[in-house]
Structures are given as structure tokens and as C-alpha cells.
Amino acid sequence: MPGPRLDHYAIALRITREFKEGMLVNLGAGIPTLCSNLIPSDLDILLHSENGMVGYGPVIQDPERADPTLINAGGQPAEYRPGLAIIDHAESFAMVRGGFIDISVLGAYQVSARGDLANTVMPGKQIGSLGGAQDLAFRAKRLIVAMSHTDKGDRPKLVKECSTPITAPACVKLIVTDIAVIEIAPDGPILREHAPGWTVREIQDLTEPQLIVADDFREIDLA
Amino acid sequence: MPGPRLDHYAIALRITREFKEGMLVNLGAGIPTLCSNLIPSDLDILLHSENGMVGYGPVIQDPERADPTLINAGGQPAEYRPGLAIIDHAESFAMVRGGFIDISVLGAYQVSARGDLANTVMPGKQIGSLGGAQDLAFRAKRLIVAMSHTDKGDRPKLVKECSTPITAPACVKLIVTDIAVIEIAPDGPILREHAPGWTVREIQDLTEPQLIVADDFREIDLA
Amino acid sequence: MIDKRVSSFDEAVRDLGDGATLLIGGFAGFAECPSYLVAAVARKEVKGLTIVGNSAGLGQEHMKKRMARLFKCPDDYYPPSFLIERGQVRKGILAFPAAMGSSRSPFEEAYAKGQIELELIGQGSLAERIRTARAGIAGFYTPVGVGTFVAAGKEVREFDGRKYVLERALKGDFSLIRAHRADRYGNLVYRGTTRTFNATMAGASAITIAEVDEIVEAGELVPEHIVTPGVYVQRVVVRPSEPRAWNLPG
Amino acid sequence: MIDKRVSSFDEAVRDLGDGATLLIGGFAGFAECPSYLVAAVARKEVKGLTIVGNSAGLGQEHMKKRMARLFKCPDDYYPPSFLIERGQVRKGILAFPAAMGSSRSPFEEAYAKGQIELELIGQGSLAERIRTARAGIAGFYTPVGVGTFVAAGKEVREFDGRKYVLERALKGDFSLIRAHRADRYGNLVYRGTTRTFNATMAGASAITIAEVDEIVEAGELVPEHIVTPGVYVQRVVVRPSEPRAWNLPG
């Protein structure tokens with residue numbers, strides 16, 4: 001029996017370990033925006049939001065303090081942080097397209113072995129949404145995907161070829177799921193870390209493409 | 001003997017008569033910026049300056065009151081006016097290119113019979129300057145040229161074909177000179193007004209293309 | 001005297017007719033949505049509209065339920081989806097028409113019934129296409145979308161070893177936007193993230209109408225703080241001080 | 001801690017080398033010119049520069065004479081033409097290289113001697129080409145310049161019955177700009193018309209350096225009033241409180 005699956009906070013926490021001093025990071029709606037509440041206070045990074053905030057803070061949990069005129073990409077109230085700048089939508093994506101985003105964190109329905117991202121049309125739906133994901137996936141210096149390892153039918157989401165429309169080809173660099181951390185490398189996906197209690201075999205069984213096991217394969221450190 | 005030539009202020013004053021309530025008007029450097037000091041106080045128009053002012057006031061004459069951080073297209077200190085908005089250079093020309101300028105007033109070295117504007121390379125010089133004139137000449141709804149009727153060698157500046165590089169083809173709609181007001185119409189230049197003491201013959205003698213005399217040809221009203 | 005103030009929302013949309021293309025500002029929340037302008041378009045019962053924007057909105061009910069833990073959603077929130085639910089919209093050019101998760105947005109409901117067309121486009125290309133319309137540019141080459149369905153039928157071209165897709169200007173008949181303060185010249189300032197697509201869309205239509213919290217005297221807005229110069233705005237209307245039902249004239 | 005403050009102008013241009021392309025902000029006056037950055041480039045004695053901007057400047061003497069009736073020109077005005085006069089510039093991509101009237105600008109003098117190349121471009125296409133570089137766009141179609149020398153060698157194409165010329169992004173190695181206030185994140189605000197090309201050029205080069213009047217604490221600049229987000233700025237340097245000769249290190 002494998003261990004329990006990581007919850008959304010654990011996934012988000014693991015992702016924040018990728019953030020380095022001075023980076024400009026965009027957090028998509030869903031699991032990614034959770035990262036904004038988990039960034040160490042001594043790490044000075046800037047968060048970019050599609051709707052035109054550069055340098056915003058964590059999600060405000062108290063509705064009494066929530067200001068509807070300061071919301072993040074998920075529509076949640078964001079804390080003001082000194083240094084915050086407001087820009088319009090065209091400038092916000094001039095910044096994305098211009099290659100200024102160091103890390104983009106997005107959700108996904110599927111990721112292919114070569115890092116194709118499919119997060120536009122939810123399987124089973126007629127139409128989908130692009131949001132800002134396509135611009136980010138094409139232009140961020142590094143794209144990290146936060147997702148559950150399998151879908152609701154327990155089918156792998158890391159697949160050989162995506163079966164839903166591709167948002168951007170060969171763009172994903174790192175995937176953090178509820179059971180593993182996988183790097184997309186030129187030779188294929190590299191299994192780097194596992195959730196407590198999960199073996200290579202158990203992870204591979206829920207993954208379509210063959211995983212390369214990293215030399216330093218280890219348990220995810222969430223301490 | 002014809003009358004005296006109009007001075008720059010008279011030319012500028014005549015041009016301000018073309019400005020109508022609510023218009024957005026761009027004034028080029030030189031004679032055109034003089035217009036900013038001659039606009040009737042009860043006429044609510046907005047002046048656009050290339051360097052990013054919308055809704056500025058007259059040139060400040062007193063150096064003691066001049067603020068170098070508020071200058072017009074000619075580099076002169078401009079009076080603040082309520083409603084003034086500051087934009088950057090890209091937005092300033094988004095506005096020009098987007099067709100928001102109702103009237104552009106520019107100087108010229110030459111204008112052709114069909115309204116080609118040549119104000120880039122000064123005759124006798126190796127190279128010239130475009131400034132914002134090309135954008136304005138291509139995209140203003142109406143282009144008015146303020147110029148002396150002849151050059152320093154008394155050669156016509158309203159010519160059959162421009163001999164210096166064209167800034168924009170077929171763009172000039174009205175020319176106000178120191179001796180006449182001429183409209184560029186599809187059939188050719190129409191002589192509409194004359195400076196006091198100037199006859200059709202005297203004006204035509206200093207003009208290369210054949211002038212059509214307007215039915216209501218009259219003396220310029222500068223009262 | 002230049003004075004762009006209009007006394008009512010109905011008056012502001014007086015010449016908005018069937019088949020018009022509307023750029024509707026906002027992003028995902030109620031604070032940046034030009035709700036009273038949307039309500040006025042609903043009252044006018046015009047049909048066959050094309051709406052352009054980020055999300056058409058996920059419906060009032062969604063906002064009230066989903067956002068309940070975060071915000072109290074006001075009663076006078078009328079997102080563009082309000083027009084979809086009333087059958088007034090023929091086509092959407094949108095970045096976020098489908099709801100996240102398995103719930104369905106009003107757009108998806110209408111789409112499933114074959115009542116509406118979709119041109120799906122990412123936020124960046126959408127925003128730039130709109131800015132491009134304001135700026136008098138015909139089109140631009142972006143690297144975003146190459147090799148995906150978004151580039152289908154569009155020119156793809158290489159510059160300096162990278163592929164780009166040609167995106168065209170997207171101009172509206174009317175931009176319906178929300179701002180915080182205005183003066184009689186139409187100069188606008190926005191609060192926080194309400195700027196978003198509202199400022200982008202100002203000037204990108206033949207007529208731009210701004211729904212604002214407050215109108216101040218000319219000169220009260222600091223020239224350096226103005227985000228939208230009034231030249232881009234044809235009409236300004238003030239929101240009512242108390243929430244008003246959508247079907248009441250005003 | 002993110003801190004873009006640099007202690008001297010020499011330090012700010014430490015990696016600016018021969019052959020670099022410099023986007024130099026400003027329009028026509030001294031107040032919007034990054035004079036101390038220009039002076040630091042002069043001190044560095046780098047050669048073969050390409051300078052991009054509105055006017056290279058008409059020289060200090062011109063400014064002092066022509067403007068004397070309007071302004072007192074400060075002693076520490078070092079326009080880009082200062083670099084031309086010192087033989088450091090190989091090429092200009094400029095809208096206003098030639099003086100008005102029969103006097104000659106330093107650029108014209110150098111051109112007459114065959115020491116400098118010129119790419120003449122109007123302010124609008126120049127500004128948009130620079131903004132386009134910041135925005136990650138390869139090029140755009142503008143109606144301006146069709147049928148004139150500016151379009152020579154460029155693609156001209158018809159959209160909806162009107163002709164447009166393809167203009168390409170213009171990216172620099174360094175943007176040297178002038179602003180009023182900055183914080184340690186590099187956020188910038190500008191006074192009045194000093195915004196001009198300075199704000200346009202921020203972020204359009206690999207390295208953007210801002211010469212500012214004052215640095216304030218993070219949080220002192222109002223988020224809605226910030227014109228240039230700090231992301232576009234790599235280095236910030238404060239101007240000296242008293243004018244300093246160009247050849248003094250600092």
C-alpha cells in the first residue's frame with residue numbers, strides 16, 4: 001500500500017522551494033495561488049498576476065479585510081505588499097510576452113512526456129479556457145506544473161501524448177504532483193522525488209511514459 | 001506693390017480660426033506652437049504634444065515661471081491647464097496613429113499641388129529630421145501647414161512636385177502662408193484668402209501650380 | 001465646454017444597436033465590472049451582439065456562492081454573462097469562457113445549445129489585439145500560440161530563427177469600461193486591479209463609455225496619475241450610490 | 001533583499017562595452033535627459049556605439065543659447081550628442097538628428113565628415129518599435145511611412161484596403177533613462193513631460209539603468225501611480241545634489 005497523497009498545500013509548499021531571491025513568479029488560479037501564502041518571509045520575490053499586479057502578497061483569509069479592488073489571478077483578495085505596482089492588462093502581458101517571468105506555476109489536465117501542456121479544454125467538456133496560461137507557457141523562463149498525478153478516474157495525467165488540445169508545446173520543465181516530483185528533460189521525464197510511502201513502481205504504475213529514476217531519487221522534503 | 005507679408009503671429013492667429021470646440025489639436029515646433037498662445041479663452045480644445053501631454057496651455061513667457069518638466073513639442077515651457085494628462089511617448093503616438101488627432105499644424109519646406117508634404121530634409125542640408133511629423137501627416141484627420149509662401153531665395157514653396165523627400169503623400173488640406181490661405185482640393189489648390197494688399201496675380205506669381213480662385217475669395221480676417 | 005458626463009446609463013448606450021461588437025472591461029470579479037452599463041444593454045434588448053473580454057463572467061449565482069467566503073458580492077453585479085443568459089449575444093471573443101472544474105458557465109450552457117459562437121484567445125494576445133486597435137496598428141507578430149489551435153488559419157512566420165503568428169487588431173463599436181474617478185474631459189483613474197482590461201479597452205472602440213464611482217472637477221486628477229487620457233473616452237456616467245435593480249431605468 | 005540601487009554612475013555602466021546599442025531617453029530638453037549616465041559612458045571611452053532616441057541633442061551650447069530666454073540650462077546637461085562629439089558613436093537611429101533651421105547639430109557635423117551612420121525614423125514608429133521590444137513582439141504593421149523613403153526595403157502589405165509597412169522591434173543592450181523617484185525594487189515615477197521616451201525605453205534593453213532625483217522607501221510610491229514597474233529596471237542611481245563636471249568619477 002502506498003502512502004497518502006499530498007494535499008494541495010504540500011504541493012504548493014514544495015513548489016515554493018523552487019523560488020529564488022529576486023525572481024518574478026506568476027501563480028495561476030487553483031493550487032498555484034496557494035504558493036502566495038507559503039513563501040518564506042525572508043525570501044524577497046515578486047509575484048505577478050495576469051490582471052496587472054506586480055509584487056502582491058498572500059491571499060487574505062479574513063473577509064472583513066478583503067478589498068475587491070485588489071484581487072489575484074484566481075479572483076481572491078490579495079494582501080498589499082510594499083513595492084506593489086499596478087499595470088493594465090496589455091502591459092501585464094507585454095511583461096509576460098517580453099520574457100520577464102522567471103517562473104510560471106500552472107495547473108494542467110495533462111502533460112506529455114516531452115512537456116507539452118494541455119490545460120485548455122477539460123476532458124469531457126465541449127470548450128475550454130486559455131486565460132493567461134498560453135502566454136505564460138510560451139514565454140516564462142521556467143514552467144512548473146502543479147497537478148494531481150491522476151484524474152478522477154485514476155488515469156495518468158502525465159501521458160505519452162496529450163489527448164486534449166495543447167496549450168503550448170514542449171514547455172513544462174517541472175511537475176509537482178500529489179505523489180512525485182518529475183523533471184521533464186530532453187531524454188524524457190526524470191523521477192526526482194516521491195511522496196512519503198510511495199515507491200518508483202507505484203508511481204510508474206500511475207504514469208504513462210517510462211520514467212527515468214534520478215541518481216539522487218529521494219523523498220520530498222517538506223520540513 | 002503688394003502689401004506687407006504677415007508675421008508669424010498673424011499666420012498662427014489665422015490657423016486658430018480652424019479650431020472648433022472639443023477638438024484635439026497637435027501643434028508642431030515653430031509657427032504652429034505660437035497658436036497655443038492665441039486660442040480664445042472660451043474655446044475648449046485640447047492640445048496634444050508629441051512628448052506626451054494632452055490638454056496643455058500656452059507657452060510661458062516669464063522664465064521665472066518656466067518649469068523644465070513641462071515642455072511642449074518645441075521644447076518651450078507650457079502652462080498647466082486643468083484636465084492635463086501625461087502619457088509616455090509610445091502612448092502619445094498610439095494616440096496619433098490611432099487617428100485621434102483632429103487637426104495637426106505643421107511647418108513645411110515644400111507642399112505639392114496634390115498636398116504632398118516635404119518637411120524632412122531642409123533644402124541644402126544633407127540629412128533631415130522626421131520628428132513626429134510623419135505620424136501626424138499620415139494620421140491626423142486634417143493637416144494644416146503654416147509656412148512662408150516662398151523660401152529665402154523667393155522661390156515658391158507651393159510647388160508642382162516636391163524636390164526634397166516627401167514626409168507623407170497627399171496629406172495637406174490647408175496652407176496658411178504669409179500672403180494667402182490655400183485649400184488643397186481634389187482638382188488642385190484653391191486660393192481662398194489673401195493678405196491685405198495682395199492680388200491673385202501677385203500670389204500666383206509666387207506659386208508654382210495654377211491656383212483656382214475661390215468664388216468667395218476674400219481678405220484674411222484677422223480682426 | 002468639453003463635457004463628457006451623461007446623466008444616465010440608458011442615455012449612455014442610446015445608439016448601441018443590434019449586432020454591435022462590445023469590448024467589455026473587467027477580469028474576474030465584480031469590482032472591475034461595468035455592471036450598470038451591462039444592465040442598460042440588457043434593458044435595451046439589443047440582439048446579435050459580439051462580446052469581447054476576458055471572461056464573460058460565471059454568472060451572479062456562481063459569484064455569490066464561490067466568492068462568499070472571500071467577499072460579499074453586491075446585488076448589483078451584472079457580468080457580461082447576463083447578456084448571454086438573455087439570448088442577446090451571438091458570439092464571444094474571450095480568454096476564459098469556460099468555468100474551472102466541472103461546473104458550467106452561462107457561456108458553456110449557451111454553447112451547448114448551439115446559441116453562441118466562440119473565438120477562444122489567450123489574455124495576452126487578446127489584450128494586445130485591443131491595444132493595437134487603439135494604436136492604429138493593423139497587426140503584430142507574437143510568439144504565443146504557434147503550433148496550437150490558436151494559430152489555425154493565421155499566418156506563421158519566422159523572424160531571427162523563431163516562429164511568430166500574426167494577430168490582427170480587434171476594434172469594437174463600443175467599449176464598456178469601469179473606472180474609479182473621472183473628470184469632465186473623460187480622464188480616468190482606476191483603483192488597484194480594477195484597471196486590468198478596462199484601461200486596455202479605453203479608446204479601442206468607436207465609442208468608449210466609462211462607468212465611474214465619482215466625477216471630480218477638472219484639475220483634481222493629477223496629470224501624472226491619469227491612466228486613461230480623456231481623448232479615449234466619449235461618455236462618462238456615475239454609478240448610483242445605492243444598488244439598483246437591473247431592470248429599473250436610469 | 002531585492003535592491004537595485006547602485007552607488008555610482010561608473011558602477012552602473014560597468015559592463016557597457018564597445019559596440020553596444022544604447023536606448024537613451026529624453027525628448028528635447030535637459031530635464032528629461034539622463035545626463036550623468038551619458039557622462040559616465042563618455043568617461044568610459046567606449047567606442048562604436050549605436051544610439052537610439054528622439055534627438056541626439058543639439059549640443060550644450062545650443063541649449064544654453066537657444067533656451068536662454070526660456071530656461072536657465074544647468075551646467076550638468078550632457079545630451080547624447082556629447083558622445084558624438086567625442087567620436088564614440090558609430091550610428092544613430094533617431095527621429096530628430098538634424099537641427100531646425102540652417103544651424104548644424106553635432107550629429108550633422110559628424111555625418112558631414114562621414115563619421116556616423118543614420119537610420120532616420122519618425123517618433124511614432126520609433127517609440128512603437130521600442131515598446132514592441134519590451135513586449136516580446138517581433139514586428140507590427142503601421143500605416144505611417146508607406147510611399148516614403150522610410151518604407152524603403154521594408155515589407156508593405158494591404159489590410160482591409162489600406163497599406164501598412166512592417167516595422168521591427170528595436171531592442172537595446174542598455175536603456176539609459178531619467179526618472180524622478182524610485183524605490184529599491186526599481187519602480188519609477190516621472191515628473192510631467194520627463195516621462196516621454198524614458199518610460200517607453202524601460203524594459204526594452206537587456207539592462208535598463210535609471211538616473212533618478214531621489215530614492216524613497218519601498219511602499220512610498222502609490223501602486224496606482226507607478227509608471228514603470230521595477231521589473232523593467234535593473235539598476236537605479238541617484239543624481240548628485242550639486243552639479244558635477246562630466247569628467248569627475250562618480
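Convention: sequence-line order gives letters A, B, ...; per-chain numbering from 1.
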Could you tell me which portion of [X] (side chain, backbone, both or neither) has an atom closer than 4.5 angstrom to a non-hydrogen atom of chain C?
{"X": "A:Ala29", "result": "both"}
{"X": "A:Ser49", "result": "neither"}
{"X": "A:Leu136", "result": "neither"}
{"X": "A:Asn72", "result": "backbone"}
{"X": "A:Pro165", "result": "side chain"}

Please indicate whether [X] has more than 12 foreign heavy atoms, meaning atoms of other residues, nucleotides or ligands, lying under 6.0 Å from its [atom1].
{"X": "C:Lys163", "atom1": "NZ", "answer": "no"}
{"X": "A:Glu21", "atom1": "CD", "answer": "yes"}
{"X": "C:Lys154", "atom1": "NZ", "answer": "yes"}

Inset, instruction - May I ask you to list the residues in residues 89-111 of chain A that approach chain C closer than 4.5 angstrom, counting heavy atoms only, ordered by number? - result: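 If one takes a 4.5 Å heavy-atom cut-off, the residues of residues 89-111 of chain A near chain C are A:His89, A:Ala90, A:Phe93, A:Arg97.
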Legend entry - Members of residues 8-19 of chain A whose heavy atoms come closer than 4.5 Å to chain C: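 Interface residues of residues 8-19 of chain A: none, nothing closer than 4.5 Å to chain C.
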Find the one option among [options] whose heavy-atom pairs under 4.5 Å with chain A are most numerous.
{"options": "C:Gly145, C:Pro143, C:Gly122, C:Ala31", "result": "C:Gly145"}
{"options": "C:Val150, C:Leu118, C:Asn54", "result": "C:Val150"}
{"options": "C:Leu126, C:Asn198, C:Ile130, C:Ile121", "result": "C:Ile121"}
{"options": "C:Gly192, C:Ala127, C:Gly124", "result": "C:Gly124"}
{"options": "C:Ser105, C:Ala112, C:Gly147", "result": "C:Ala112"}

Option in [options] with maximal non-hydrogen atom pairs under 4.5 Å from chain C:
{"options": "A:Ala133, A:Ala168, A:Pro77, A:Gly124", "value": "A:Pro77"}
{"options": "A:Met122, A:Arg139, A:Glu50, A:Lys125", "value": "A:Lys125"}
{"options": "A:Gly52, A:Gly128, A:Ala66", "value": "A:Gly128"}
{"options": "A:Leu70, A:Asp135, A:Thr120, A:Val59", "value": "A:Asp135"}

Would you say [X] and [Y] make side-chain contact, with heavy atoms under 4.5 Å?
{"X": "A:Ile86", "Y": "C:Val227", "result": "no"}
{"X": "A:Phe138", "Y": "C:Thr148", "result": "yes"}
{"X": "C:Leu120", "Y": "A:Ile127", "result": "no"}

Inset, instruction - Verify, without hydrogens or angle tests, whether C:Thr193 (side chain) and A:Ile71 (backbone) share a donor-acceptor contact under 3.5 angstrom. - result: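 Yes, the answer is positive, given that a donor and an acceptor are paired below the 3.5 Å cut-off.
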Inset, instruction - Can you measure from OG1 (C:Thr194) to CG (A:Asp88) and round to the nearest 0.5 angstrom? - result: 11.5 Å
Inset, instruction - With sequence neighbours left out, write down each residue that passes side-chain contact (heavy atoms from CB on, under 4.5 Å) with C:His180, or none if nothing qualifies. - result: C:Arg191, C:Asp213
Inset, instruction - Write out all pairs satisfying ring pair (Phe, Tyr, Trp, His ring centres under 6.0 Å) with one or both partners inside residues 129-161 of chain C, taking only residues at least two apart or from two chains. - result: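 Pairs touching residues 129-161 of chain C that pass the test: C:Tyr141-C:Phe159, C:Tyr141-D:Tyr141, C:Phe159-C:Tyr164.
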Inset, instruction - Mind listing the closest non-hydrogen atom pair of C:Pro97 and A:Ser129 along with its distance? - result: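 Nearest pair, atom of C:Pro97 first, then A:Ser129: N-OG, 3.3 Å.
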Legend entry - Proximal component of C:Tyr111, with respect to chain A [non-hydrogen, under 4.5 Å]: both
